[in-house]
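Being a predicted model, the structure only gives us computed values, none of them experimental. Excluded from the calculations below are hydrogen atoms, water molecules and symmetry mates; all remaining heavy atoms, backbone and side chain alike, are included. Just so we're on the same page: letters track the sequence lines, and every chain starts at 1.
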Number of protein chains: 2
Amino acid sequence: MSDDQKKRSPTISDVAREAGVSTSTVSRALSRKIPVHPSTMTRIEAAVAKLNYQPSVLARGLKEGSSRTLGLIVPDITNPVFPAAALGAESEALSQGYQVFLAHSHEDSVLESQLIQLMLQRKVDGLLIASAAEGFCREKWLQLPVPVIQLIRKFDDQLPYAICDQDQIGQLAASHLAMRGYQRPVIITGNQALPLYRQRKDSFIRTLLRAGYSSDAITVLDGSQWRNEGLGMVQSVIASKTDAVFASCDMQALGIARGLLAANIKIPGDVAIIGMDNLALCHLMTPAITSIRQPLKDLGKKAMSSLLSMIRDQSAETHIKVSCWLNPGETT
Amino acid sequence: MSDDQKKRSPTISDVAREAGVSTSTVSRALSRKIPVHPSTMTRIEAAVAKLNYQPSVLARGLKEGSSRTLGLIVPDITNPVFPAAALGAESEALSQGYQVFLAHSHEDSVLESQLIQLMLQRKVDGLLIASAAEGFCREKWLQLPVPVIQLIRKFDDQLPYAICDQDQIGQLAASHLAMRGYQRPVIITGNQALPLYRQRKDSFIRTLLRAGYSSDAITVLDGSQWRNEGLGMVQSVIASKTDAVFASCDMQALGIARGLLAANIKIPGDVAIIGMDNLALCHLMTPAITSIRQPLKDLGKKAMSSLLSMIRDQSAETHIKVSCWLNPGETT
DNA sequence: CTGAAAGCGCTAACAA
DNA sequence: TTGTTAGCGCTTTCAG
């Protein structure tokens, strides 16, 4: 911040005066939609440069009824699934002339509602929301005056969404384990308030049953308390007499691996592990973790691209589901 | 998006009409700064509720010359140091009635400049920037019409900053290794275009020299190409005949650990490792990684708090430096 | 305590 | 091609 910090930034009238034309001419020259005489153009450009004029997007927004602004609400950006999506979304928005507000709901649907209100007061043109686990309300969403897309977490099948194919994920994990002959698979589920974890679990089990497993052979453990940990799950994993674990995320897989190794259980000799998200760290571990990768950056990009189409009233894919793949490591 | 999506959202005049008062009275009632007759107040509140009125922050901003909006520019939010800072910053901003734009510079100073321009066009009241590694330009920053704080990465000592104490970090690592009697420490540096890595390295070396190490015993390796990897560093680490490595980040530490284990080198028996950032994964590894923790969320919060003070022209701490601590694991 | 009127910076008819 | 004018939604004098 320099001495001229208080000096009001130049407006379109300043430019107009400097160039000896009217404000509308400046407006036209800058928008480049309506032809302007080359020589005036030059004078205007000179004036703009001289004054270092920055058009006020606020004023333009007020006039045009659109702020060219979008909102992205996530529970917690330090959860590694969100940064990738945020990056993809922001990049796409930027490339189309939009900027994005980031806000955190802290997994609290009341705060989330307030954030939506705040964003609406800022006249965002659309919203991307990874909604809080509890308290989703379809009616509230339906009443929003701008397009909204459910990002990563889908709570309603009708409303627009952009998610990873959880059926496919459950299937990938299950058939990988089945193919390698593991007998007593365990799936550790995430917060069951999130449909995505229910779907993943159901599909995992369904695939195993189809492959001929008896339901007695399959164990479901609730790992929602141990998203960033896994260590707390170790006892139940051991107790389940499993030979293959599908964790709900990589950190959990890591913790379980550590716990099992500490208990002198061999990986994958005694117990195999599949992680989820395929963070960069997976292949840096010893043993490297087999993990399923979600193309989150791409998902964020697609979601944003669809949102922008909706905003423009163009036909758009509103039900986006991307495919994942399994990255084999040394734990299966 | 519902059927009423096109229905223009209600304005202050709608509320005024509904309540049978003038717009100025509504404005006063809502701002709560100027007294309004209780009965009018009630009618206005009713009208607001009935119409579900949302004041336009755009219009207010235009009128008041401030958008109550801030900008946060980071190279890449998927680098795990940034989400924590972003979270802290956004939370603090929100609690003071501000919202924040997030943008990515992709470590490109030209793009960064453009983003700054875009944010200024949106009339942000201030900026938090983790600037691109190359191309920092003091003059450009000085000319900005709003307060800016260097976040995490400090390129200029005079300009406001909020960073982690790199001298202390180098010292923590060095004295930890010295105290445990390691003889041939290696420091793997990050991108030397970033002053923070230079400072960390210098302080590490300085501390070792003071502790009586000869400079021959200390090795500096450039790890800037291997931030998310470390594996590529393994050969040089082995070649250095070191017995203790201070990595530039945890992922790198992880990769080096994996490489050393693969080469049948014991950790910490043959080689000790200290990581950096103390990601949650550190204590889930086997062996758990000794790592230095930066209080990044807190830093983000402090930075934002200071920025907001600057915006209000209040005296503020503009040179913020937070302390870190070493989290002992099993690799030293 | 309340209303009328001006204006923040910009764009878009409508004229010229 | 250019200027004049009105108005986006809001706050804020200035009068009552």
Side-chain angles (χ1 to χ4, degrees), chain A residues 6-45 47-48 51-69 97 118 120-125 145, chain B residues 6-45 47-48 51-69 97 118 120-125 145:
Chain A
K6 283 150 207 162
K7 194 197 299 171
R8 195 179 94 312
S9 53
T11 75
I12 198 171
S13 345
D14 297 327
V15 177
R17 193 174 326 110
E18 180 73 28
V21 293
S22 77
T23 59
S24 34
T25 305
V26 177
S27 173
R28 286 187 285 249
L30 265 36
S31 78
R32 304 181 169 287
K33 317 204 78 173
I34 286 134
V36 161
H37 193 89
S39 78
T40 12
M41 189 57 153
T42 320
R43 294 212 315 287
I44 290 173
E45 277 167 349
V48 166
L51 301 175
N52 186 26
Y53 167 69
Q54 306 281 355
S56 163
V57 180
L58 250 56
R60 184 194 327 219
L62 181 57
K63 177 70 190 161
E64 296 189 329
S66 140
S67 62
R68 298 227 144 214
T69 278
L118 288 175
L120 290 179
Q121 297 184 354
R122 297 213 130 90
K123 294 286 173 285
V124 294
D125 296 327
Chain B
K6 283 149 206 163
K7 194 198 296 170
R8 195 182 93 315
S9 52
T11 75
I12 199 171
S13 343
D14 297 326
V15 177
R17 192 173 328 108
E18 180 74 27
V21 293
S22 75
T23 60
S24 29
T25 305
V26 176
S27 173
R28 285 188 284 248
L30 265 37
S31 76
R32 303 182 168 287
K33 318 202 77 170
I34 286 135
V36 162
H37 192 88
S39 78
T40 0
M41 189 56 153
T42 320
R43 294 211 315 287
I44 291 174
E45 278 168 348
V48 165
L51 301 175
N52 187 25
Y53 168 68
Q54 306 280 357
S56 162
V57 179
L58 250 59
R60 186 197 324 226
L62 180 56
K63 180 66 192 165
E64 296 188 329
S66 142
S67 63
R68 297 224 144 219
T69 278
L118 288 175
L120 291 179
Q121 298 184 352
R122 296 211 131 88
K123 294 288 174 284
V124 295
D125 296 327

Under-3.5 Å donor-acceptor pair between B:T40 side chain and C:dT2 base: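 Answer no: no donor N or O sits under 3.5 Å from an acceptor.
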Rounded distance in Å - CD1 (A:I12) to P (D:dG7):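 Whole-Å distance recorded here is 19 Å.
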For DNA chain C, the residues among residues 27-34 of chain B that have a non-hydrogen atom under 4.0 Å from it: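 B:R28 - these, ordered by number, are the residues of the stretch whose heavy atoms sit under 4.0 Å from the strand.
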B:S24 side chain near D:dT12 phosphate (N/O to OP1/OP2, under 4.0 Å):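 The answer is no; no side-chain N or O of B:S24 sits under 4.0 Å from OP1 or OP2.
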Value in whole Å for how far the P atom of D:dT1 lies from CZ of A:R43: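 Value for this atom pair: 15 Å.
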Distance in angstrom units between B:R17 CZ and C:dG3 C1', rounded: 16 Å
Taking every non-hydrogen atom, the tightest pair across A:E18 and A:A47: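 Taking A:E18 first and A:A47 second, the nearest heavy atoms are CG-CB, 3.5 Å.
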Length of the line joining A:E64:CD and C:dT11:P, which is rounded to integer Å: 6 Å
OP1 or OP2 of D:dG3 under 4.0 Å from side-chain N/O of A:S22: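 Result: yes.
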Proximal nucleotide (of C:dC10, C:dT2, C:dA5) relative to the B:T23 side chain: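 Nearest to the side-chain atoms of B:T23, counting from C-beta on, is C:dA5.
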From D:dT2, C:dA12, C:dC10, nucleotide with atom closest to A:T11 side chain: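 Nearest listed nucleotide: C:dC10.
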Atom pair distance, as rounded to whole Å: CD in B:Q54 and P in D:dC10: 11 Å
Intermediate values then yes/no, side-chain hydrogen bond (donor to acceptor under 3.5 Å, both in side chains), B:T25 and B:S22: CA-CA 5 Å; B:T25 305; B:S22 75; 3.2 Å; yes
For atom CD1 of A:I44 and atom P of D:dG3, their distance in whole Å: 8 Å
Among C:dA12, D:dT11, D:dC10, the one nearest B:S56 by side-chain distance: D:dC10
Distance in angstrom units between B:Q121 CD and C:dC8 P, rounded: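 Between P of C:dC8 and CD of B:Q121: 20 Å.
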Among D:dT2, C:dA5, C:dG7, the nucleotide that comes nearest once only the side chain of B:K63 is considered: C:dG7
Value in whole Å for how far the P atom of C:dG7 lies from CG of A:L62: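 Interatomic distance, CG of A:L62 to P of C:dG7: 17 Å.
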Beyond-backbone contact of B:I44 with B:L30, side-chain heavy atoms, under 4.5 angstrom: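 When only atoms from C-beta onward are counted, B:L30 and B:I44 do touch, with a gap below 4.5 Å.
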